[in-house]
Amino acid sequence: MALRVYDVMRREVVELRPREPGRVGMYVCGPTVYGPVHIGNARTLVWFDMIRRYLRYRGFDVTYVMNYTDVDDKIIDRARIEGTEPDVVAKRYAAMFERDMAALGAQPPDILVRATDHIPDMIGAIRGLIDAGLAYRADGDVFFAVERFPDYGKLSRRSLDEMRAGERVDPHPGKRHPLDFALWKAAKPGEPAWDSPWGPGRPGWHIECSVMSTKYLGMGFDIHGGAGDLIFPHHENEIAQAEGLAGHGPFVRYWLHAGLVQMAGEKMSKSVGNIVSAGDVVAAWGGEVARYWALSASYRTQVVFSEDALTDARAALERWRTFAAAAGRALGAPVAPRPGLVRPPGTEGRGYPARFVAAMDDDFNSAGAFATIHELVRTGNRLLEPAERGDATARDELGSLADDFAELTGLLGFRLEAPEASSGLVAGLVELLLRLREEARASRDFGRADAIRSGLGELGVVVEDTPSGPRWHLSGGPED
RNA sequence: GGCGGCGUGGCCGAGUGGUUCAGGCAAGGGCCUGCAAAGCCCUCUACUGCGGUUCGAUUCCGCACGCCGCCUCCA
C-alpha cells in the first residue's frame, strides 16, 4: 500500500511519487520572527515535523528545509517600538521559536535558511525575472507582472478577472496591475537595506521562498508545506516566480496545506484580539499535551483551540503514560517511546503497527493512527494482570505490544515521561508518609489514611493502593 | 460577489454503499478496592433537511439550509 497525500494543486489524494525514488525534499514556510509564534503557527509546524518523521519511518531519505523570514515590515515596526535593531528582534524571536518548538517535540529542520543570508540569490532571481519580461521597475521598487505569467492563479484556482472583481482599494501607485506584487522594496530612511541594481532596499516577502527552496532542493522538489492561508497569495506568487524564472514547471510536485486553528469558532487574529502564543500553551499545559492536541486531528482540518480540547488531550495522553508505566512494571523493564525507527519494507502486514501505517499512509490520518494506539493500550491493559501473575503467554504478548507501543509513540514524537520528584528529599518524605499511612490502614484507621492520601493529592502526589502495596507518582503536567 | 472546505451519537473526531465495532473525553451501571485511583466489562438506539440513483445510502448525485476559511499582512 502506497503513501498517499492530498495535493492542493490537484485537489485530490494521490500517491506520493517523489522526483527521485526513496528521497523526499520538503520545504515548509517557517515563521516571520517578529514576535512569539502563536498556537496556530505552532500546530502547522508540529504537523510538518510529524510528516517529516513519518516519511523517514516509511524509509524515505528526507531533506526538510524551513525558513525564517527575518527581514520584513513587521520586524522593522517591532524594532522601532522596542528602540532596537531589526536583527536583534529577529534573533530574539527566532530563539524563542526554537525553544517553543523543542518543547512541542518538533525536531529542527535539516536545513534552516534565513532570508537575510540569501539576498544576493534573490537579487539574481529578480534580475532574471526582469530579463524574462516578467517583472518591471517602478522607481526603486520591482514588481512581478502577474499578467505576464499565464498560469497565475492555478494553485488557488482563481483567475485574474475574478480577483479583479473582488479587488479592494488602495492600489500601489507604481503597479501596472493591482495584483502585481513586490519583488524588491526600496528602503525608506532608517530601514535595513541592501544594495541592488535598483538601489538600496530589501526583498519582498514571496521571493525568498522561491529562491531558497529551489537553491537547496532544486526546481521540481517534492513537498511544499504551509498553512492554508498561504495558498493565496504567498504560494501562488512563489509558483509564478519560480516557474517564471525557470521557464517551465513544476516548481513543486505536491502542495500540502494545514487547516487553520480557530478560537471558539472564529478566526484567530490580531484584530479580534484572540491570539494565544505557543509559549503560553506550553507553559500552561506542557509541550506534550499541546503536541497531542495538535496531532490528534488530521492536519487538513480546521481545529478549534479550547480548554476542553486541551483537557481531552491531557486525559488521553495520561492513559498512554499510565500504560507505559504499568507495562514497564509488569515486564520488569522500562517502556518508553523509541524515536527514530525506520520501518523496513514488507513489515506492514501485521498487528497494530500495520493498522497505524495504513491510517497514516492515507494522507497522514492521525486520528485513525491514534485510535490504533488506544486500542493497543486497551489490549495491553487486559494483559497486565495475567502477565504480573506469571502467565508466560500474556507476558510475551504484552512485551510485543510494549515494543509496538514504544515504536509508535516514539514515531509520534512523544516521550511519556512521568514528572520526576524534584529531589530525593521529596521522594523520601512521600515514602515516609506512605509508611505511616500503611500503619494507619493496618489498624483500620481509614480516616487518617484517607487524610494523608488526600493531603498528598493536593500537593500533586497521586497515591494508588495496589495488592503489592501503595504506589505513588506526581500528577501529569502543569495545571494538574 | 468569486474560490474552497465542512455539517457524524452530550463534546471532540475517524470511516464505510448492506451483515459486529472507529477512537478519545464526559455520563450511568458493574467488577476490583476498607474507600478511592488506575484498569477491565456493559450502556448511552450517530450520521443537517428534501429529492434522486440503487434491491439497499450516513456513504454516490442534485437542491436547500447552516457553519468555516481564503479573496489584504496573516500560519
Side-chain angles (χ1 to χ4, degrees), chain A residues 8 11 28-32 34 37-45 47-48 72-74 77 153 156-159 161-170 178-179 181 205 225-234 236 257-262 265-271 275 278 292-293 296-298 300-304 306 308-309 311-320 322-323 325-326 355 359 362 365-385 441 444-447 449-450 453-454 457 462-467 470-473 475:
Chain A
V8 173
R11 305 282 160 112
V28 173
C29 291
T32 300
Y34 69 102
V37 292
H38 58 66
I39 189 62
N41 202 167
R43 176 189 184 247
T44 297
L45 296 172
W47 246 113
F48 281 103
D72 168 89
D73 291 346
K74 292 194 287 287
D77 290 346
S156 52
R157 302 215 169 174
R158 53 190 80 185
S159 70
D161 291 343
E162 286 165 3
M163 288 186 278
R164 196 143 202 173
E167 152 193 331
R168 307 202 183 168
V169 290
D170 197 21
L179 288 164
F181 56 91
W205 174 39
D229 56 351
L230 295 184
I231 294 171
F232 188 90
H234 185 54
E236 198 71 70
H257 290 99
L260 301 179
V261 171
Q262 309 292 307
E266 67 185 349
K267 172 185 174 155
M268 180 163 64
S269 78
K270 288 244 167 62
S271 52
I275 300 279
Y292 188 103
W293 166 78
S296 58
S298 158
R300 280 204 283 147
T301 56
Q302 298 175 11
V303 294
V304 176
S306 69
D308 286 353
T311 301
D312 281 2
R314 185 172 60 195
L317 200 54
E318 196 55 34
R319 190 172 156 78
W320 290 3
T322 302
F323 172 69
R355 292 174 52 195
D362 180 17
N365 178 359
S366 57
F370 277 44
T372 301
I373 295 180
H374 279 291
E375 288 176 30
L376 180 159
V377 166
R378 180 182 304 131
T379 305
N381 279 330
R382 276 195 284 244
L383 292 167
L384 243 28
E385 193 267 332
R441 291 181 73 204
R444 304 198 65 80
D445 183 356
F446 295 120
D450 290 349
R453 185 172 60 197
S454 66
V462 179
V463 177
E464 298 176 26
D465 294 315
T466 74
R471 198 150 61 211
W472 67 278
H473 67 269
S475 57

Under-4.0 Å side-chain N/O to phosphate OP1/OP2 contact, A/Arg378 with B/rC41: yes
Side chain of A/Thr32 - closest among B/rC35, B/rA22, B/rA75: B/rA75
Residue A/Gln302, side-chain heavy atoms: nucleotide from B/rC68, B/rA14, B/rA37 that is nearest: B/rC68
Where A/Arg43 and A/Gly259 come nearest, the two heavy atoms and their spacing: NH1-O, 3.2 Å
A/Arg355 CZ to B/rC21 C1', straight-line distance once rounded to whole Å: 10 Å
Rounded distance in Å - CD (A/Glu385) to P (B/rG39): 16 Å
Under 4.0 angstrom between A/Asn381 side-chain N/O and B/rC40 OP1 or OP2: yes
Separation of the P atoms in B/rU43 and B/rU48, to the nearest angstrom: 24 Å
Distance-only donor-acceptor test (3.5 Å): side chain A/Asn365, base B/rG15: no
Under 3.5 Å donor-acceptor pair, A/Asp308 side-chain atoms to B/rC12 base atoms: no
Same-atom distance (C1') from B/rG18 to B/rG56, integer angstrom: 6 Å
Closest non-hydrogen atom pair, A/Val304 against A/Ala309: O-CB, 4.1 Å
Nearest-Å distance once atom P is located in both B/rG34 and B/rA46: 41 Å
Check: B/rA75 base within 3.5 Å donor-acceptor of A/His38 side chain: yes
Sugar-phosphate only, base, or nothing, as touched by A/Asp465 at under 4.0 Å among non-hydrogen atoms: base
Check: A/Asn365 side chain, A/Gly368 main-chain N or O, donor-acceptor pair, under 3.5 Å: yes
Rounded P spacing from B/rU59 to B/rU16 in Å: 13 Å
Sugar-phosphate, base or nothing in reach of A/Arg453, heavy atoms under 4.0 Å: base
Nearest to side-chain heavy atoms of A/Arg158, which nucleotide of B/rA75, B/rG2, B/rG34: B/rG2
Nearest-Å distance for atom pair CD/P, residues A/Glu236 and B/rC73: 14 Å
Rounded distance (Å) that lies between atom C1' of B/rG13 and atom CG of A/Asp312: 10 Å
Selected nucleotide, minimal atom distance to A/Val261 side chain, candidates B/rG23, B/rU72, B/rA75: B/rA75
Touch class at under 4.0 angstrom, heavy-atom based, for A/Thr322 against every strand present: sugar-phosphate
Within-4.5 Å side-chain heavy-atom neighbours: A/Trp320 and A/Leu376: no
A/Arg11 side-chain proximity, nearest of B/rG4, B/rA22, B/rA75: B/rG4
Rounded distance in Å - CD1 (A/Ile373) to P (B/rG13): 19 Å
A/Arg157 side-chain proximity, nearest of B/rC3, B/rG34, B/rA75: B/rC3
Short side-chain N/O contact from A/Arg319 to OP1 or OP2 of B/rG39, under 4.0 Å: yes
Touch class at under 4.0 angstrom, heavy-atom based, for A/Thr301 against every strand present: sugar-phosphate
Spacing between A/Glu464 atom CD and B/rC32 atom C1', to the nearest angstrom: 13 Å
Touch class at under 4.0 angstrom, heavy-atom based, for A/Val463 against every strand present: base
Sugar-phosphate only, base, or nothing, as touched by A/Ala309 at under 4.0 Å among non-hydrogen atoms: nothing
Side-chain N or O of A/Arg441 closer than 4.0 Å to phosphate OP1/OP2 of B/rC35: no
Separation between the P atoms of B/rG7 and B/rC44, rounded to whole Å: 24 Å
Atom P, compared across B/rC47 and B/rA57: separation rounded to whole Å: 14 Å
Under 3.5 Å: donor-acceptor pair, side chain of A/Glu236, backbone of A/Ser156: yes
Sugar-phosphate, base or nothing in reach of A/Ser454, heavy atoms under 4.0 Å: nothing
A/Glu464 side-chain N/O to A/Arg471 backbone N/O, donor-acceptor pair under 3.5 Å: no
Presence of salt bridge, A/Arg453 and A/Asp465, under 4.0 angstrom: yes
Sugar-phosphate only, base, or nothing, as touched by A/Leu230 at under 4.0 Å among non-hydrogen atoms: sugar-phosphate
C1' gap between B/rU20 and B/rA38, integer Å: 29 Å
Rounded distance in Å - NZ (A/Lys74) to P (B/rU72): 15 Å
Modelled atom types, side-chain donor and acceptor of A/Ser298 and A/Arg300, under 3.5 Å: no
A/Arg441 to A/Phe446 - nearest heavy-atom pair and separation: O-CE2, 4.1 Å
Canonical and wobble pairing (Watson-Crick, G-U, under 3.5 Å) of RNA chain B, dot-bracket with |: (((((((..(((.....[....))).(((((.......)))))....(((((..]....))))))))))))....
Six-ring centre of A/Phe232, A/Arg158 cation under 6.0 angstrom, axis tolerance 45°: yes
Atom pair distance, as rounded to whole Å: CD in A/Glu375 and C1' in B/rC40: 15 Å
Integer angstrom distance from the C1' of B/rA26 to that of B/rG10: 7 Å
Phosphate OP1/OP2 of B/rG69 contacted by A/Gln262 side-chain N/O (<4.0 Å): yes
Minimum side-chain heavy-atom gap A/Trp472-A/Val462 below 4.5 Å: no
Options B/rG34, B/rC35, B/rA75, nucleotide nearest the side-chain atoms of A/Phe446: B/rG34
